[in-house]
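Take a look at the structure set out below.
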Amino acid sequence: MLALSCGAAAGQDGPPGARQDELLHLLRQDCGSCHGLTLRGGLGPALTPSMLQPRSDEVLVATILHGRPGTPMPPWRFAIAPDEAQWLVMRLRAGDVGHEQQ
Ligand code: HEC
C-alpha cells in the first residue's frame with residue numbers, strides 16, 4: 001500500500017483535474033461575461049498578467065471570494081473555495097486560462 005500518492009488535493013498542483021476544467025470553464029463563461037471573453041476587460045477590468053502584477057494574491061483572492069462592494073464584482077465564495085480562488089489567481093498570473101493564447 002502506498003502511503004503517499006501524487007493525487008494531492010488542491011495545493012501546489014491545484015484542484016483535481018475535473019474540477020480544474022470546471023473552474024476554467026467558469027472563468028471563461030461567468031467571469032468572461034464581465035471581464036471579456038478573453039479576460040481582456042469589458043465591464044470589469046482586464047485580468048491579464050500585467051494588470052494583476054501590482055496586486056497581491058491576498059487582494060485578488062479576497063476580491064474573487066467576497067466581491068467588491070459598490071462595484072458589479074460579485075462574491076463567488078458560494079461557488080469557489082478559497083484554495084480554488086488561489087489556484088485561479090495563479091492561472092491568471094500565468095496567463096494560462098485554458099483557451100488559445102492570443
Ligand atoms: C457582474 C460582472 C462581474 C463578474 C461576473 C465578475 N467580475 Fe470580477 N470584477 C468586476 C468589476 C466591475 C471589477 C472591478 C471592481 C473595482 O472597480 O474595483 C472586478 C474586479 C475583479 C478583480 C480585481 C482586479 C484588479 O485588478 O484588482 C478580480 C481578480 C476579478 N474581478 C476576478 C473575477 C473572477 C475570477 C470572476 C469569476 C469567478 C469575476 N471576476 C466575475 C465585475 C465582474
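Position 1 is the first residue of the sequence; numbering continues from there. Both counts, for ligands and for their atoms, begin at 1 and track the order of listing.
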| field | Protein N, O or S atoms under 2.8 Å from atom 8 (Fe) of ligand 1 | value |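 Protein N, O or S neighbours of atom 8 (Fe) of ligand 1 under 2.8 Å, waters not counted, come to 2.
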For the student: nearest non-hydrogen atoms of [X] and [Y], plus distance:
| X | Y | result |
| --- | --- | --- |
| Pro49 | Leu92 | CG-O, 3.5 Å |
| Arg91 | Val97 | O-CG1, 4.2 Å |
| Pro15 | Leu23 | CG-CD1, 3.7 Å |
| Arg55 | Arg93 | O-NH2, 2.7 Å |
| Gly14 | Trp87 | CA-CD1, 3.2 Å |
| Val59 | Arg68 | CG1-NH2, 3.8 Å |

Ligand-side contact atoms (ligand 1) for residue partner [X], heavy atom cut-off under 4.0 Å:
| X | result |
| --- | --- |
| Ile80 | 38 (C) |
| Trp76 | 5 (C), 36 (C), 37 (C), 38 (C), 39 (C), 41 (C) |
| Asp30 | 5 (C) |
| Leu60 | 29 (C) |
| Arg55 | 25 (C), 26 (O), 27 (O) |

| field | Side-chain donor or acceptor of Glu84 paired with backbone N/O of Ala81 under 3.5 Å | value |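 Looks like yes, one N/O pair under 3.5 Å.
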| Is His35 reaching over with its side chain to a backbone N or O of Leu47, donor-acceptor style, under 3.5 angstrom? |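 Checking the backbone N and O of Leu47 against the side chain of His35, no donor-acceptor pair under 3.5 Å is found.
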| said: Starting from atom 15 (C) of ligand 1, what is the nearest protein heavy atom, named by residue and atom, and what distance separates them? | reply: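 Protein heavy atom with the smallest distance to atom 15 (C) of ligand 1: Thr71 OG1, 3.5 Å.
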| Nearest-0.5 Å distance, CG of residue Leu88 to CG of residue Leu60 |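 If I round to the nearest 0.5 Å, the distance is 11.0 Å.
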